[in-house]
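Position 1 is the first residue of the sequence, and the numbers go up from there. All values below come from the heavy atoms of this structure, side chains included, with hydrogens, waters and symmetry mates left out.
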Amino acid sequence: MSEIYNFSVKTRKGEDKALADFKGKVLLIVNTATGCGFTPQYEGLENLYEAYHEQGLEILDFPCNQFGHQAPGSDAEIHEFCTGRYKTQFDQFKKIDVNGDDADPLYKWLTSEKGGKIKWNFTKFLIDRDGNIVKRYGSITKPEKIEKDIKKLL
């Protein structure tokens, strides 16, 4: 069993969510921000979700305020922004830190396994159906550029 399935994360409402619940799914894990130059990537993420969710894609959205304080709102405000402006339907979790001593344990593991410290918002990790990290993408990689990699895993 992949180590990723040992983690639990907090939903935006503060409830525990076991990543084991996503076993057998292809995951795209993203640290996001609502006031960033890359924020329009929410549209591309939602397009991927709509196109491939039925085939097993899950997008896990982790708002993060560590980069330029570009996710300043509450979890509810961030969710309202994303669903209102970008019509997002994928799972959005509680705002977290992705670097440093207070980094979420999931992100401590992701960054130790693939590429080190997160450099900015909208860093993406693609996880296969067995829970292995397949690839890490930087902020400038638009979601549509990841589509072919996702299709290979589905």
Side-chain angles (χ1 to χ4, degrees), residues 2 4-67 70-98 103-107 109-111 113-114 118 120-154:
S2 173
I4 196 169
Y5 299 129
N6 295 330
F7 292 98
S8 283
V9 293
K10 294 279 187 197
T11 68
R12 72 177 185 282
K13 295 181 179 175
E15 300 155 347
D16 287 326
K17 175 74 171 167
L19 291 187
D21 293 349
F22 295 107
K23 276 185 189 169
K25 303 283 187 177
V26 172
L27 305 178
L28 188 61
I29 301 174
V30 188
N31 65 296
T32 61
T34 52
C36 174
F38 296 113
T39 299
Q41 287 189 21
Y42 270 118
E43 183 177 351
L45 292 170
E46 180 58 26
N47 289 341
L48 288 174
Y49 184 80
E50 288 178 15
Y52 300 107
H53 177 68
E54 293 296 319
Q55 296 171 49
L57 174 67
E58 294 289 347
I59 295 175
L60 310 185
D61 173 2
F62 291 93
C64 177
N65 197 35
Q66 282 189 290
F67 306 102
Q70 295 180 341
S74 68
D75 292 313
E77 289 167 336
I78 291 168
H79 183 68
E80 188 176 313
F81 171 86
C82 294
T83 55
R85 173 144 326 155
Y86 295 103
K87 310 293 184 237
T88 58
Q89 301 172 69
F90 47 82
D91 285 324
Q92 189 172 63
F93 294 90
K94 192 161 194 57
K95 187 168 26 175
I96 61 167
D97 283 353
V98 297
D104 186 89
L106 171 62
Y107 268 83
W109 178 75
L110 287 169
T111 56
E113 295 290 312
K114 203 74 148 178
I118 301 290
W120 201 254
N121 305 308
F122 289 89
T123 298
K124 303 155 203 72
F125 292 88
L126 184 59
I127 314 295
D128 70 15
R129 291 183 185 270
D130 296 320
N132 302 304
I133 304 170
V134 174
K135 196 162 181 183
R136 175 177 167 162
Y137 307 89
S139 304
I140 62 169
T141 303
K142 293 182 178 177
E144 45 274 20
K145 297 288 186 193
I146 301 171
E147 185 172 11
K148 67 180 179 343
D149 294 340
I150 290 169
K151 286 167 75 171
K152 285 181 204 168
L153 299 176
L154 291 171

- Task: Start with the C-alpha gap between D75 and K94, add the side-chain angles, then the distance that decides, and say whether salt bridge (charged side-chain N to carboxylate O under 4.0 Å, His left out) holds.
- Result: CA-CA 6 Å; D75 292 313; K94 192 161 194 57; 3.0 Å; yes
- Item | Test side-chain contact (heavy atoms from CB on, under 4.5 Å) applied to F67 and N31, step by step | CA-CA 10 Å; F67 306 102; N31 65 296; 3.7 Å; yes
- Query: Would you say I140 has more than 12 foreign heavy atoms packed within less than 6.0 Å of its CD1?
  - Reply: no
- Spacing of CG belonging to L27 relative to CG belonging to D91, to within rounding of 0.5 Å: 10.0 Å
- Note on the structure: Separation between CZ (R12) and CD (E77), nearest 0.5 Å, reads 13.0 Å
- Task: With side-chain contact (heavy atoms from CB on, under 4.5 Å) as the test, would you mind laying out the steps for K124 and I59 before giving the verdict?
- Result: CA-CA 10 Å; K124 303 155 203 72; I59 295 175; over 6 Å; no
- Query: Is the backbone of A71 close enough, under 3.5 Å, to the side chain of N65 for a donor and an acceptor to pair up by distance?
  - Reply: yes
- Check G131 against W109 and note the closest heavy-atom contact, atom names and distance. O-CH2, 4.3 Å
- Heavy-atom closest contact (H53 atom, L57 atom, distance): ND1-O, 3.0 Å
- Does atom CD of E113 have more than 12 heavy-atom neighbours from other groups under 6.0 Å away? yes
Please tabulate, one pair per line, all N/O donor-acceptor pairs under 3.5 Å involving side-chain atoms of residues 143-153, not counting sequence neighbours.
unit_1	atom_1	unit_2	atom_2	d
E147	OE2	Y52	OH	2.4
D149	OD2	Y137	OH	2.6

- Task: Kindly give the heavy-atom pair with the smallest separation between F90 and E46, and that separation in Å.
- Result: CD2-OE1, 3.4 Å
- Please report the shortest heavy-atom distance between F93 and T11, naming the atom on each side. CD2-CA, 3.9 Å
- Query: Where do R129 and Q55 come nearest, in terms of heavy atoms and distance?
  - Reply: NH2-O, 2.6 Å
- Query: What's the shortest heavy-atom distance between C64 and N121, and which atoms?
  - Reply: O-OD1, 3.8 Å
- Could you tell me whether a side-chain N or O of Q41 sits under 3.5 Å from a main-chain N or O of S139, the two making a donor and an acceptor? yes
- Message: Against L126, only a single residue in N132, I133, L28 fulfils side chain to side chain contact (heavy atoms under 4.5 Å, CB included); can you say which?
- Response: L28
- Message: Ring centroids only, cut at 6.0 angstrom: are F122 and Y42 within range, meaning strictly under it?
- Response: yes
- Examine the side chains of D61 and T32 and answer whether a donor and an acceptor come within less than 3.5 Å of each other. yes
- Item | Heavy atoms from other residues, nucleotides or ligands near CD of E58 exceed 12 (cutoff 6.0 Å) | yes
- Message: Within this structure, what is the CG-OG1 distance for the pair L106 and T111, rounded to the nearest 0.5 Å?
- Response: 9.0 Å
- Message: Quick check for you: to the nearest 0.5 Å, what is the distance between L45 atom CG and E50 atom CD?
- Response: 11.5 Å
- Message: Contact between L60 and L19 at the side-chain level, heavy atoms closer than 4.5 Å - yes or no?
- Response: yes
- Side chains of Y86 and T39: does their closest heavy-atom pair fall under 4.5 Å? yes
- Query: Y107 and I29: side-chain contact (heavy atoms from CB on, under 4.5 Å), yes or no, with the steps?
  - Reply: CA-CA 10 Å; Y107 268 83; I29 301 174; 3.5 Å; yes
- Task: Answer yes or no: is there a side-chain heavy-atom contact under 4.5 Å between T88 and Y49?
- Result: no
- Going from NZ on K25 to CG on D128, what distance comes out if it is rounded to the nearest 0.5 angstrom? 14.5 Å
- Item | Interatomic distance, T123 atom OG1 to F62 atom CZ [nearest 0.5 angstrom] | 13.5 Å
- Item | Minimum side-chain heavy-atom gap Q70-F38 below 4.5 Å | no
